[in-house]
Amino acid sequence: MPDPARQLPDALERDLSRLAGDARGVPEAASGPVLVATDFDGVVARLVDQPDASRPTPGAAAALARLAACAPEVARLALVSGRRLEDLARVSRVPAGTLLVGSHGAERGHMTAKGLEHSPVTLDTDKAERLARLTAAFEAIAQGAEGAWVEHKPTAAVLHVRLASPDDAARASLDAVAASGSLGLPAMRGKDVVETGVVATSKGQALDALRAEAGARAVFYMGDDVTDERAFAVLRDDDVSVRVGPGETVARHRVAGPDEAAHVLARLADLLTGPVQAT
Ligand SMILES: O=P(O)(O)OC[C@H]1O[C@H](O[C@H]2O[C@H](CO)[C@@H](O)[C@H](O)[C@H]2O)[C@H](O)[C@@H](O)[C@@H]1O
């Protein structure tokens, strides 16, 4: 019996059942696993002021553990995040076997019993110089807006304005977009951040690559931000897309926030593995 506290909208329940039902049936499973991919911040973890303090909600952590334990021919689990890969591995604490995408697709790795395995990104001289100039420009902008600060990634710089006043946040964000443009780099505006990278990539490209590498027969993807729209955009008719929270979206389904997102992951785990037995 489904738990009424985590009852999902009918259309979402139907799509998840179809996805999982096909994966659990032996003949269909032979054609590949379901790729269960999700964004991290704002979905698996609530948004907080200090990115280092982010952790999966207890419900999401439990569901991710069950999904990671699925037989590889039934499901593969992936986190697809804008975070730098090492941060994602540290704060998400996902189990061995989980595939990880960091820096919006610029970094790739996977969790093993010994921890994160990945090849560090290297930049050519031109990109390294542009990143240094971009970072210096963002640092100067942050100096002029109390509460703003800069996050450093291997291929990008991020101006955080969550703790700045609304006026300072708006002005600093516009300045960061302009500074990026003057270096010929497109800026992405996320939740209280402006992020600019020197490597062209997207969560959509990353999801396509994961689908191919996993030999997935279908994909589940859930996300909460504008960068996740690039991932939703590459999904196909048999896939399932879930937008978490408000905002324009091309996703087929929507849930309200991280608590509901955890219910979706738990339901998918139920359907793929069988419900948890009460003790
Ligand atoms: O793709 P995601 O996993 O959603 O990562 C996107 C960005 O997440 C982090 O910033 C966001 O979460 C912070 C912690 O809750 C919050 O303080 C910030 O305002 C949010 O934008 C991370 O710091 C960025 O590097 C990621 O790109």
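Owing to the predicted nature of the structure, the values given are computational and were not obtained by experimental measurement. Just so you know, ligand 1 is whichever comes first in the structure, and atom 1 is the first atom listed for that ligand.
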Residues which pass ring pair (Phe, Tyr, Trp, His ring centres under 6.0 Å) with His160, listed by chain and number, not counting sequence neighbours | Trp149
All ring pair (Phe, Tyr, Trp, His ring centres under 6.0 Å) counterparts of Tyr221, not counting sequence neighbours = Phe232
Test salt bridge (charged side-chain N to carboxylate O under 4.0 Å, His left out) applied to Lys203 - qualifying residues, sequence neighbours left out = Asp39, Asp228
Between Ser54 and Arg83, does any side-chain donor sit less than 3.5 Å from a side-chain acceptor?
-> yes
Going by atom types alone, do Glu229 and Thr249 pair a side-chain donor with an acceptor below 3.5 Å?
-> yes
Residue contacts for ligand 1, heavy atom to ligand atom, distance under 4.0 Å | Asp39, Phe40, Asp41, Arg46, Leu47, Val48, Asp49, Pro51, Ser54, Ser81, Gly82, Arg83, His104, Glu151, Lys153, His160, Arg162, Lys191, Asp192, Val193, Glu195, Lys203
Do His263 and Gln7 meet the criterion of a side-chain donor-acceptor pair at a distance under 3.5 Å?
-> no
